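Following: one structure in structure tokens, then a few remarks.
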Amino acid sequence: MRNIWTISKRELGAYFSSPVAYVFIVIFLLLAGFFTFMVGRFFDRGVADLLPFFLWHPWLYLFLVPAAGMRLWSEELRLGTMELLLTMPVTAWQAILGKFLASWIFLAIALFLTFPIVVTVGYLGHPDYGRIFCGYLGSLMMAGAFLSIALLTSSFTRNQVVSFILAVIVCLFLILCGWPPVTDAVSSWAPAWLVDGLASIGVMTHFDSLQRGVVDSRDLLFFASVIVFCLFANSVVLRAHRA
Amino acid sequence: MINVEHLTKRFGVKCAVDDVTFSVSKGEVLGFLGPNGAGKSTSMRMITGYLPPTTGAITVAGFNVADQPLEARRRIGYLPENAPIYSDMSVYGFLSFCAEMRGLFGSAKKKGIDRVVQLCFLERVLHQSVDTLSKGFRHRTCLAQALIHDPEVLILDEPTDGLDPNQKYEVRTLIKRMGAEKAIIFSTHILEEVEAACSRAIIIDQGKIVANGTPEELKAKSPFAGNVVVTVGNVSKAKLLPQIEALKGVEKFWIVAEKPEQVTFQVVPRGNVLPELLEAGTRNEWKIEHLDVEEGRLDDVFRAITLPDTKPAA
């Protein structure tokens with residue numbers, strides 16, 4: 001347990017000791033604001049909720065989460081520090097969890113910094129705070145799922161660009177799977193079981209109900225299982241690197 | 001302390017390490033020699049538990065590296081090849097991270113860091129970012145990391161690579177001093193280093209151990225060991241040649257260097273040639289300016305073993 005936290009501390013330090021963290025947070029907040037107010041017409045709707053805010057999160061995370069996660073293992077492979085880290089008295093699991101938690105905490109910090117929008121909506125009207133909390137929970141789980149994918153792809157290669165692109169492609173696939181425009185197009189020719197199957201692994205389906213304030217354990221379980229699967233695959237890849 | 005039995009590692013069809021067996025006990029410094037790609041780093045990576053062996057068993061301080069990897073790793077300090085280090089940290093931050101990973105917190109951590117900072121001469125750069133360090137300092141920072149928990153076993157892969165001669169000397173002295181109470185394996189290309197710091201050396205070539213012994217034993221294997229080199233003033237080559245040929249104790253000889261009024265020749269003896277040689281010198285009134293019995297050089301042994309087809313450099 002202590003090892004996991006030591007590794008997380010180091011990774012968090014790595015984010016904040018370089019411009020990466022600040023650039024990331026600023027861009028995230030700017031884009032979130034732009035989409036909510038300009039594209040989502042937050043004020044014109046006249047409804048005290050955060051739907052136009054959460055609506056864009058999958059698309060923001062599509063690029064920003066792989067950017068935050070692409071260096072996690074690639075950098076270790078490039079510098080050769082993986083050999084140092086994995087010959088210390090830690091298990092591969094502790095190292096993977098440590099890295100994952102550090103990045104997840106970092107994403108949570110960025111997400112937390114969007115609190116002014118909650119304050120705004122609370123000042124202007126009487127929002128359902130339970131629903132807002134639920135949206136944040138869903139957003140955080142989705143960020144975790146994307147992050148676990150980025151962590152996995154970063155263990156494939158020492159090249160951060162390759163790791164980034166692979167992660168974006170996988171995340172895009174998961175977004176498109178359950179996105180109504182895509183499912184509608186597919187359902188015109190594909191059998192129903194395929195459409196349903198694809199929709200059930202799409203993040204949009206699962207995120208959608210959460211942002212509407214419905215906490216369904218199946219949705220949370222979906223994100224959790226993506227995370228667990230990717231972290232497990234990550235440990236397999238690490239073992240393959242050494243064999 | 002370290003027991004390696006029938007260790008083999010294959011990468012696909014390529015056999016990087018082939019049935020290697022050796023052991024290192026406490027108080028021993030083992031030098032690991034061999035040409036590039038001989039399997040030195042691969043062996044070390046297996047001992048530290050980074051690479052799993054294809055076959056064979058390794059125990060470190062009584063713990064099997066495959067079955068109890070964490071227990072074994074706790075007792076090992078490892079300096080990987082090229083001294084990798086997190087470039088986004090300060091030297092202090094890096095050492096502090098490594099100390100915590102080794103289970104040192106609070107005052108134990110502070111004591112550990114102070115000790116290795118002193119041992120590796122890092123005071124001057126302690127709060128500098130690793131990114132801005134010179135190669136020598138980076139290397140020593142990584143070495144410090146290997147020593148921070150005062151391990152019983154040290155595995156150092158080319159610990160003096162990239163250091164200047166003074167730093168090399170310091171590191172060598174450090175290894176020798178620590179060797180008294182630890183079991184140390186270090187690999188190097190520099191043969192003087194083996195003579196300076198090792199109590200035993202192994203030469204490994206194409207994955208196999210080709211020589212194993214004290215530096216003195218290895219040197220005795222040199223094709224030149226025991227040869228006598230003599231420099232004589234005041235005679236010409238023409239006059240000297242028949243005088244040497246007449247000696248019974250000379251197996252064969254050749255002229256090494258020739259200057260006006262000075263000839264240097266090397267003799268391969270048959271038994272002890274020295275008394276006869278000196279007597280001949282007195283009889284023929286040689287002015288002997290220099291006389292040396294070759295101990296044999298590790299370079300020659302190394303070349304003779306790892307490149308058996310080439311002629312030794314005379």
Side-chain angles (χ1 to χ4, degrees), chain A residues 1-24 68 70-99 102-103 106 155 158 160 235-243, chain B residues 9-12 41-42 44-54 60 63 65 68-90 93-94 96-105 109 129-131 138 141-142 145-146 148-149 151 153 155 157:
Chain A
M1 204 48 223
R2 215 158 182 182
N3 282 337
I4 297 176
W5 178 234
T6 305
I7 293 173
S8 293
K9 243 181 7 189
R10 200 207 75 74
E11 291 292 340
L12 273 173
Y15 276 118
F16 287 100
S17 69
S18 68
V20 177
Y22 308 102
V23 171
F24 180 92
M70 65 184 181
R71 50 165 278 284
L72 287 169
W73 284 114
S74 306
E75 186 83 344
E76 300 255 0
L77 285 167
R78 192 175 64 80
L79 293 173
T81 42
M82 189 148 111
E83 193 171 345
L84 199 67
L85 181 65
L86 295 182
T87 51
M88 285 180 175
V90 289
T91 61
W93 264 110
Q94 290 170 336
I96 292 168
L97 273 180
K99 279 176 178 290
S103 296
F106 170 69
S155 68
R158 61 175 57 201
Q160 296 193 9
S235 75
V236 174
V237 174
L238 287 191
R239 200 172 315 144
H241 270 299
R242 302 197 268 160
Chain B
K9 178 76 188 175
R10 282 190 205 92
F11 294 109
S41 292
T42 308
M44 292 180 144
R45 283 178 177 157
M46 286 191 282
I47 296 171
T48 53
Y50 183 65
L51 291 178
T54 308
V60 172
F63 295 98
V65 173
Q68 292 165 290
L70 297 189
E71 287 302 318
R73 282 186 217 161
R74 272 192 194 107
R75 286 158 180 84
I76 300 177
Y78 178 40
L79 170 70
E81 197 178 7
N82 301 327
I85 192 165
Y86 291 108
S87 54
D88 46 23
M89 304 177 95
S90 70
F94 177 71
S96 161
F97 166 69
C98 293
E100 287 183 17
M101 292 296 284
R102 298 291 187 176
L104 301 174
F105 294 91
K109 174 170 112 179
S129 161
V130 167
D131 244 351
R138 287 174 64 104
T141 305
C142 201
Q145 160 278 131
I148 201 154
H149 52 304
V153 171
I155 313 282
D157 201 346

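Remember, predicted model here, so these are calculated numbers, not experimental data. By convention in this document, chain letters (A, B, ...) are assigned in the order of the sequence lines, proteins followed by strands, and residues within each chain are numbered from 1.
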* Asked: Side chains of M89(B) and S17(A): does their closest heavy-atom pair fall under 4.5 Å?
  -> no
* Mind checking whether N82(B) and E83(A) have side chains closer than 4.5 Å, heavy atoms only? -> no
* To do: Spell out, as yes or no, whether a donor-acceptor pair under 3.5 Å connects the side chain of R73(B) to the backbone of V90(A).
  =>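 Yes, because the side chain of R73(B) sits within donor-acceptor range (under 3.5 Å) of the backbone of V90(A).
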* Say whether, by atom type as modelled, one donor and one acceptor occur between the side chain of R10(A) and the main chain of G93(B) under 3.5 angstrom. =>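 No; judged by distance alone, with no hydrogens or angles, the pair does not exist.
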Roughly how far, to the nearest 0.5 Å, is [atom2] of [Y] from [atom1] of [X]?
| X | Y | atom1 | atom2 | result |
| --- | --- | --- | --- | --- |
| Y78(B) | L84(A) | OH | CG | 9.0 Å |
| L85(A) | Y86(B) | CG | OH | 4.0 Å |
| T87(A) | L51(B) | OG1 | CG | 10.5 Å |

* **Contact summary for L79(A) and I85(B), nearest pair of heavy atoms** =>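 Heavy atoms of L79(A) and I85(B) come nearest at CD1-O, 3.9 Å.
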* Asked: Hey, is CZ on R242(A) packed in by over 12 heavy atoms from elsewhere, all under 6.0 Å?
  -> yes
* To do: Select one option (side chain, backbone, both, neither) describing which atoms of E76(A) are under 4.5 Å from chain B's heavy atoms.
  =>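 The answer is the side chain of E76(A).
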Is [X] in contact with chain A via its backbone, its side chain, both, or neither, using a 4.5 Å heavy-atom distance?
| X | answer |
| --- | --- |
| M101(B) | both |
| C142(B) | side chain |
| T54(B) | neither |
| Q145(B) | side chain |

* Can you name the ring-ring contact (aromatic ring centres under 6.0 Å, His included) partners of Y15(A), sequence neighbours left out? -> F106(A)
